[in-house]
Amino acid sequence: MISAPDVVAFTKEDEYEEEPYNEVALPEEYSVPLFPFASQGANPWSKLSEAKFSRDFILISEFSEQVGPQPLLTIPNDTKVFGTFDLNYFSLRIMSVDYQASFVGHPPGSAYPKLNFVEDSKVVLGDSKEGAFAYVHHLTLYDLEARGFVRPFCMAYISADQHKIMQQFQELSAEFSKASECLKTGNRKAFAGELEKKLKDLDYTRTVLHTETEIQKKANDKGFYSSQAIEKANELASVEKSIIEHQDLLKQIRSYPYQKLKGSDLSAGKAEHTQDQAGQASTTSNPDESADTEVYTCRPAYTPKLIKAKSTKCFDKKLKTLEELCDTEYFAQTLAQLSHIEHMFRGDLCYLLTSQIDRALLKQQHITNFLFEDFVEVVDRVVEKQGSTPLEPSQDRPPSRSLEECLSPKVLISVGSYKSSVESVLIKMEQELGNEEYKEVEVTEVSSFLLQENLDYLDMDMKGSISSGESIEVLGTEKSTSVLPKSDSQASLTIPLSPQVVRTKAVSHRTISEDSIEVLSTCPSEALIPDDFKASYPSAINEEETYAGDNEGAIHFQASASPLDLGEAEEGSLENTPSHTDSSCCIGKENDSLLVPLPTLAHKLSDNDGVVSIPPQRYRQKDQGFHVDFAVENVSPSPRDNSSESFSPYELGPSCLLASRDVSKTSLDNYSDSTSYVSSVASTSSDRTPSSAHPTGTSCERHKKRAGQNALKFIRQYPFAHPAIYSLLSGRTLVVLGEDEAIVRKLVTALSIFVPNYGCYAKPVKHWVSSPLHITDFQKWKLIGLQRVVSPASAGTLQALRRYSRYTSILDLDNKTLRCPMYRGTLVPRLADHRTQIKRGSTYYMHVQSMLTQLCSKVFLYTFCHHLHLPAHDRETQELVASRQVSFLKLNLGLVNEDVKVVQYLAELLKLQYMQESPGTSHPMLRFDYVPSFLYKI
Amino acid sequence: MLRWLIGGGREPQGLAEKSPLQTIGEEQTQNPYTELIVLKAHHDIVRFLVQLDDYRFASAGDDGIVIVWNAQTGEKLLELSGHTQKITAIIAFPSLESCEEKNQVILTASADRTVIVWDCDTGRQVQRVSCFQSTVKCLTVLQRLDVCLSGGNDLCVWNRELDLLCKTSHLSDTGVSALIEIPKNCVVAAIGKELIIFRVVAPTEESLEWDILEVKRLLDHQDNILSLVNVNDLSFVTGSHVGELIIWDILDWTMQAYERNFWDPSLQLDAQQEIKLCQKPNDISIHHFTCDEENVFAAVGRGLYVYNLQMKRVIACQKTAHDSNVLHIAKLPNRQLISCSEDGSVRIWELREKQHLPAEPVPTGFFNMWGFGRVNKQASQPVKKQQENATSCSLELIGDLIGHSSSVEMFLYFEDHGLVTCSADHLIILWKNGERESGLRSLKLFQKLEKNGDLYLAV
């Protein structure tokens, strides 16, 4: 069936093997896979070396009953994208793996044809010759004129990177299911319409025939029927039958269970529905057989007889296009969804993974992340939180996705285990840039799957008894193993899981949810991934460090899964909880050992300051398997503190990674710093844009880069950048005054990266105002671009500015002056060093983000330490609390002078946000200080 | 001299010789208000603020709507709309202790010649009366009798349900401009230049009728009476357009003290009549009083004066406290005085015992006024020296609140929640003590944490 399914070999595994690995490596899902073509000396970022297409694209194909598999359209619809890649051939390939048939026809014992609402199937396949790997999503659409009323289609996400497909399977599946559901909904609507028309036709035909028969009857009174009359009568009878059949079909299509639609947003989970039969077959017998039999037996051949007059040869009629099959509206919507998918998965896997990790980490900081992160993500997070409420039982899932990922090239993964959470893995992220936080990480969104499981039982009823449910299969293994028992392979991994636990889990899980493991091997089998090879996986991350070029600044992903912890986490044992609580006492000195003795840290802290630790409890409960490892370096006055202050701030892992990615892709772009704000936005839609996995889209990414670039410029150009940034951070509105709108807008955009957010809204930034400012403006906006009009009319504007000068800092672009309070802290110089070596906008943006995240963690500590704000006991005076507060800020958080005000301001925002029940109800207050301002000049 | 005539203002002199407007820099260490919330709901000038209870207040203004706010959070609790024209008077009618579960009500009078009673817990209109011949300009409540009085062209007495109990005959076309309650069931109404004392007669065994009787007319003011305030149990004070301040005995309605021209000595000089004419009359009109046990604080034109009741003289003043007329003043418990003005600012003053600072600008300005008309400086010097010992206090500016872009009409002080100001720019601003608010937020935060069971105390 598939000629040369293949696996990309991981190179240089032996080299890494030699390196002494004493520590347990990072779990797989946080690492970035090795670059497959490194042996060829290729630049890791010039990807797709073997593929004939320039970048990933989406292909929609149909198995046409007339011409066989044929490509219909690609997204993006640009021949440059797929280049010389043979779409026809690949269509054949992807259509040929849809072994799961949709059964339409006369089921035994039924008089009428039955429609089956079959689930889509999701398959991963590879083609080494073409250098193409694809996630293939099969679906069937109904067409009255088609054979068996069904037309099989598939949507395929084609990439040259196998790992991308494998590791993004969940996400791809979820997104494609949405698209598919959209298509199918439109199709059902169109099909019903079509049936109605057909019924009318038939009704008409019947009337005509009836009249004709009557006439013949009358004309023919000989007492017997002529052959003509009999023929007519037969015809009439067949029309009658046809009508009944069509009515039945109409009834069926209308009775489509719409509760399924509601669940379709969570449709990622549908993938997990694997039929018992298929599952059992695969575990017990040769998967080849099971797959093959299904492919060939399940295709029914039923052609209902239509009205005689219309029965034409199937090759003569023109089949409906996809757009006709679905409602135009739905078709357009689907296309939009597909291009969204295309955007979403653009770019290198490393980048995708990094940004996913990034987002996952951000989600953990749900208390502080609204301050400086994009609000889209925060909103995303809120939704997520709601979705994951029923998550808790997930602890009894079989462990770690990392297992599957190791195995994925050869073992067909049952979704049950695929979806299994990553939670059980303890992660330590180390960053030497001052204050660190260790966050709980949750990469997969397990919740939806769990929800879906319940739905699946509903789905069962709708299926034909023979039709297989959904399955995920992984094709494309060159030499697949003889069915490798899952537990064995797991046991062979170096990741220190107790095999026994795993096995029992896996088994019990299987029996409960009837998930199955299927191995669909199409080639002679042989053990594909040797154990030592798997062992080398953890080294992948170190590879990443090397790209980063700077070990010191790079983020070290160190797998810190201790067997003990993992075991505990898996079992979700209650004894575990105390240790979690301790661990969440998020203060502690950075510790190089992996298993941070957290309780000790907590003690240390309380010894020092009598500070209370408040764990971010809500998600503790959710992610049982995680360990918070929150270490803020500056919290305790450590010698490192000094070093981190003098630390040159460009050594950042992910940002370097990003930067180097940018080099290859957008070197042009980086330097062409267009002054026009508009053009920057407009150009984002162009196809040359750097690939971005960010769901907020490329424009956002581009925007960040440009903002970073301009901010960098500002810092270099103006010696008084520090007080200006301090104004922004401390919540004092900065008014950028200038004549030229473009320049003002540009600077406002650049500076907006320093503006803390109030909540889940857009940043309080007003790019351009020409009317006089009002007190409400200062309450609402924290960064304002103000037009300087050279006319008497501007008197009002300037007068208002003077009047409200105590609430504002004024940056006059035309005169190059800044009027604002003095700043003598140390925070901003680190954030905005004019001698920084950072050159790229996006790098700088990342730098700022990371510094601000550190700041946020300080703020978090400050805000949530009880004794800093309230007396520890009744006898304590307010003065004592105040002095403790001051000493905490100065000594523990290492804040100098005005830095304190920044933290205090952010703490107020944090409090407001935390107490806000429903967003948007509370008024943002305007806080200010009565401090003298100074005029800075260049 | 001629220059003043033409220029029509005292600014040049004020700048040259007297204290200019006292300003305070951006550094205001004693100013506690470091947080503000702008409340925007009115569509026109907000003129009135009235406190309902510990945490609520109502605002009303020219747009005819009344809004009830939470002073702590700035949340808009209720919007009461029923008037078609601007609101001319608003008063809270506290419920009697005797009748339980009575909701707090407020009465509003409007230029549409209606008075509405609102239930400010539900926002319901309890009662609406529209039988007035004229606009009601003032309302007052006689708590003891559980009645309220409305003053327009006549004076009406109403019970809580707004049934008319009795009324006076037509008093004047200008109407009652101010109305206060004095002991013995009497009220004082200011009508033009006159003060009229009325007595409300409650039903007794003999007569079941309510009645209101005119008791006395006091004709001592020479110009329209602008302000009328109770000082204490013994006296009340009136101020007029031309700067007369009269302290009256509250029981026998005799004049206890009469100060007329000390605000502006120019008025003493009849020869300078033309100067008086071309001066801005507002400069000496008494807009508002506030009192404590010892002193009457008067907002006179742009200045603030402290009149000591015992010494019967001005003990401290700020000749130009604001850029333009002071509209409202209030004395805070902590010896602070707050004033708001047409210039859009609110200023916080502190009354300090004067230390012997010869260069004190305030007395200089003040006493210079005595020498007004005798333009030469030398002449005024002796006067100053002579008076120096007399003034024992000074008003120190300790902070200003800049927020409104137009005249600040009124303000309200909450012990716990800070200051509320309303203004002609349609806004209400809540000024808060930032530090205290921060502490309160922390308290709430930890209460919420505790409620959620997320609070862990270190051992």
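- In this structure, a donor-acceptor pair under 3.5 Å is present between the side chains of B:Ser438 and A:Glu908.
- In this structure, no portion of B:Leu430 lies under 4.5 Å from any heavy atom of chain A.
- Counting only N and O atoms by type, the side chains of A:Lys911 and B:Ser442 include a donor and acceptor under 3.5 Å apart.
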- Message: Assess the residue pair A:Phe928 and A:Phe778 against the criterion (ring pair (Phe, Tyr, Trp, His ring centres under 6.0 Å)); give the C-alpha distance rounded to whole Å, side-chain angles, the decisive distance to 0.1 Å, and a yes or no.
- Response: CA-CA 10 Å; A:Phe928 50 91; A:Phe778 305 118; over 10 Å; no

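- Shown here is B:Gln30, whose CD atom has more than 12 heavy atoms of other residues, nucleotides or ligands within 6.0 Å.
- Note that the OG1 atom of A:Thr808 and the CG atom of A:Asp777 stand 11.5 Å from one another [nearest 0.5 Å].
- With a threshold of 4.5 angstrom between heavy atoms, A:Leu926 approaches chain B through its backbone and through its side chain.
- Using bins of under 30°, 30° to 60° and over 60° for the plane-to-plane angle, the ring pair B:Phe446/A:His869 lands in the tilted bin.
- Residues of residues 398-415 of chain B that come closer than 4.5 Å to chain A, counting heavy atoms only, are B:Asp400, B:Leu401, B:Ile402, B:Gly403, B:His404, B:Ser405, ordered by residue number.
- Residue B:Glu435 places its CD atom among 12 or fewer non-hydrogen atoms of other residues, nucleotides or ligands, all under 6.0 Å distant.
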